[in-house]
Amino acid sequence: MSSRAPEPVALSERRTELPRAAASMAAAAFLFALMSVAVKLSSRTLPNAMVVFLRSAVGLVALAPFIARAPLRSLKTRHLTEHVVRGAVGMAAMYCFFFTISRLGLAEALLVNYSLPLYIPIVSRVWLGEPIARGVWKALAVGLFGLALILKPGSSIFQPAALVGVIGAVLGATAQVGVRGLTRTESITSIVFYFGLVSTGISLGPALYDWVTPHGSALWVLLGLGVSATAAQLLMTRAYHYAPAAAVGPFIYLSVVFAALFDWLIFARSPDALTLCGAMFVVLAGAVALRL
C-alpha cells in the first residue's frame, strides 16, 4: 500500500454540503460574539496590549494538539516573509478591533469589523492584480452609507474609536487577501500555525511594557477568550471546506445578532434606530460583496 498522503481536492471538485457548512459558520459566529464579550470584560481591568497578547498566546496553546497531530512536512514553508507580513497586518487589525470593542457596543464594533468584505476586492486589485467584479462599487457605496449611519460622524454621539475600527477592517481585509495568496502554496495548518507564532511574538513586547498580572475571574475570562477565538477560526475553516465562501460567508453576520443579544443581557445596552438601519445596509452590502 502506498504511504503517500492523499492529494488535495480542488474546491470545484468537492461536494457542497451547505447545511453542514451553515451550521459550522453559525457556531463560529456565536463563538466570535462570545469572544467579543470576553474582550470587553477583560478590557475593564487589563490594557489592550495584554488582551491581544494573551488572546494570541492562549490561542497558540489551544492549537498545539492539532499541530502535534499534523505531519511535520505540513509546517514547512518557502514563504516565511509572507507569513510574517500577514501576521503583522493581522495583529494590527486585532489591536484595532479589540480597542473598538472596549469603547463601543458589541454589535457596533462587530458591524464595523465585518465591513471588511467591502474592502477585499480593492486590496485584491492592488496587491494581487485581480480584476474587480461588476457591482462591487455599488456594494461598497451601500456599505459605507450603512457605516455612516452606525458611526454618526458630526453628531454628539460620534466616537473616534469607530474610526479605529474602520482602519482595523481595512487591515483585516489586507490580511485576508494575504491568506488567499498563501493558500496557493501553503497548507492550512502552516497558515494557522505561523499566524499564531508571529502574532504571539509581535504582541509580547507591548504586553510586557504594559503588563498587569491578571487574577481570579480575569484568568477564566482570558482562557475563554483564547479558546472561543481559536474554536471559531477552526469552525469557520471547516465551513469553507464544505461550501464556497460566496454561499456560506454571509452566515458570519449572525455574530452581530448574537453580540447585540449579549450586549442587552450582560451590559444592558441596546442599539438605536440609526444603528439598526445601518446594520441592514452593511450586512446586505457585505453579503453582496462576498457573493461577487
Side-chain angles (χ1 to χ4, degrees), residues 28 31-32 35-36 38-39 42-43 46-102 113 116 119-120 123-124 126-128 164-165 167-211 222-238 240:
L31 288 171
F32 276 130
M35 179 205 75
S36 69
V39 170
S42 299
S43 66
L46 299 174
N48 189 47
M50 266 199 64
V51 177
V52 172
F53 165 71
L54 291 171
R55 177 262 177 267
S56 301
V58 173
L60 187 60
V61 172
L63 276 173
F66 299 95
I67 299 298
R69 291 201 299 266
L72 186 61
R73 64 178 179 275
S74 67
L75 298 180
K76 291 183 178 180
T77 180
R78 294 173 296 171
H79 302 279
L80 185 59
T81 301
E82 287 85 347
H83 281 292
V84 172
V85 171
R86 183 258 166 163
V89 175
M91 277 307 300
M94 194 184 300
Y95 276 114
C96 293
F97 181 39
F98 283 16
F99 177 80
T100 305
I101 288 177
S102 68
N113 183 64
L116 68 87
Y119 316 121
I120 286 178
V123 176
S124 297
V126 174
W127 190 349
L128 303 180
V164 177
I167 294 171
V170 175
L171 291 169
T174 305
Q176 293 285 351
V177 173
V179 170
R180 185 190 301 176
L182 285 169
T183 55
R184 295 171 179 173
T185 57
E186 304 288 287
S187 68
I188 290 176
T189 303
S190 71
I191 291 172
V192 174
F193 170 71
Y194 284 110
F195 176 70
L197 202 61
V198 170
S199 62
T200 302
I202 290 176
S203 59
L204 176 59
L208 290 176
Y209 179 78
D210 215 8
W211 187 266
L222 289 168
L223 179 63
L225 167 60
V227 171
S228 60
T230 303
Q233 287 179 329
L234 292 171
L235 282 165
M236 186 167 62
T237 303
R238 188 180 185 88
Y240 286 135

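Since we're looking at a predicted model, the values are computed, not measured. Counting from 1, the numbers follow the sequence of the chain as shown.
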May I have the list of side-chain donor-acceptor pairs in residues 94-101 shorter than 3.5 Å, sequence neighbours left out?
residue: Thr100; atom: OG1; partner: Cys96; partner atom: O; Å: 2.8
residue: Thr100; atom: OG1; partner: Gly165; partner atom: N; Å: 3.2

Please output the side-chain donor-acceptor pairs of residues 196-204 that fall under 3.5 Å, not counting sequence neighbours, one pair per line with the distance.
residue: Ser199; atom: OG; partner: Phe195; partner atom: O; Å: 2.8
residue: Ser199; atom: OG; partner: Gly196; partner atom: O; Å: 3.1
residue: Thr200; atom: OG1; partner: Ser56; partner atom: O; Å: 3.4
residue: Thr200; atom: OG1; partner: Gly196; partner atom: O; Å: 2.7
residue: Ser203; atom: OG; partner: Ser199; partner atom: O; Å: 2.7
residue: Ser203; atom: OG; partner: Thr200; partner atom: O; Å: 3.3

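For Ala38, the side-chain contact (heavy atoms from CB on, under 4.5 Å) partners at least two apart in sequence or on another chain are Val221, Leu225. Residues satisfying the ring-ring contact (aromatic ring centres under 6.0 Å, His included) test with His79, not counting sequence neighbours, are none.
In terms of heavy atoms, Asn113 sits closest to Ala169 at O-CB, 3.9 Å. The two atoms that bring Val89 and Ala175 nearest to each other are CG1-N, 4.0 Å, heavy atoms only. Looking at every heavy atom in both residues, Ser43 comes nearest to Val51 through N-CG2, 4.5 Å.
The distance from the CZ atom of Phe53 to the CG atom of Asp210 is 13.5 Å, given to the nearest 0.5 Å. Interatomic distance, CG of Leu46 versus CH2 of Trp211, reported as 9.0 Å (0.5 Å rounding). Remark: Leu171 CG to Met91 CE distance equals 11.5 Å, nearest 0.5 Å.
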Open item on the list: Does Tyr119 form a side-chain contact (heavy atoms from CB on, under 4.5 Å) with Thr174? I'd like the steps, not just the answer.
Closed with: CA-CA 8 Å; Tyr119 316 121; Thr174 305; over 6 Å; no

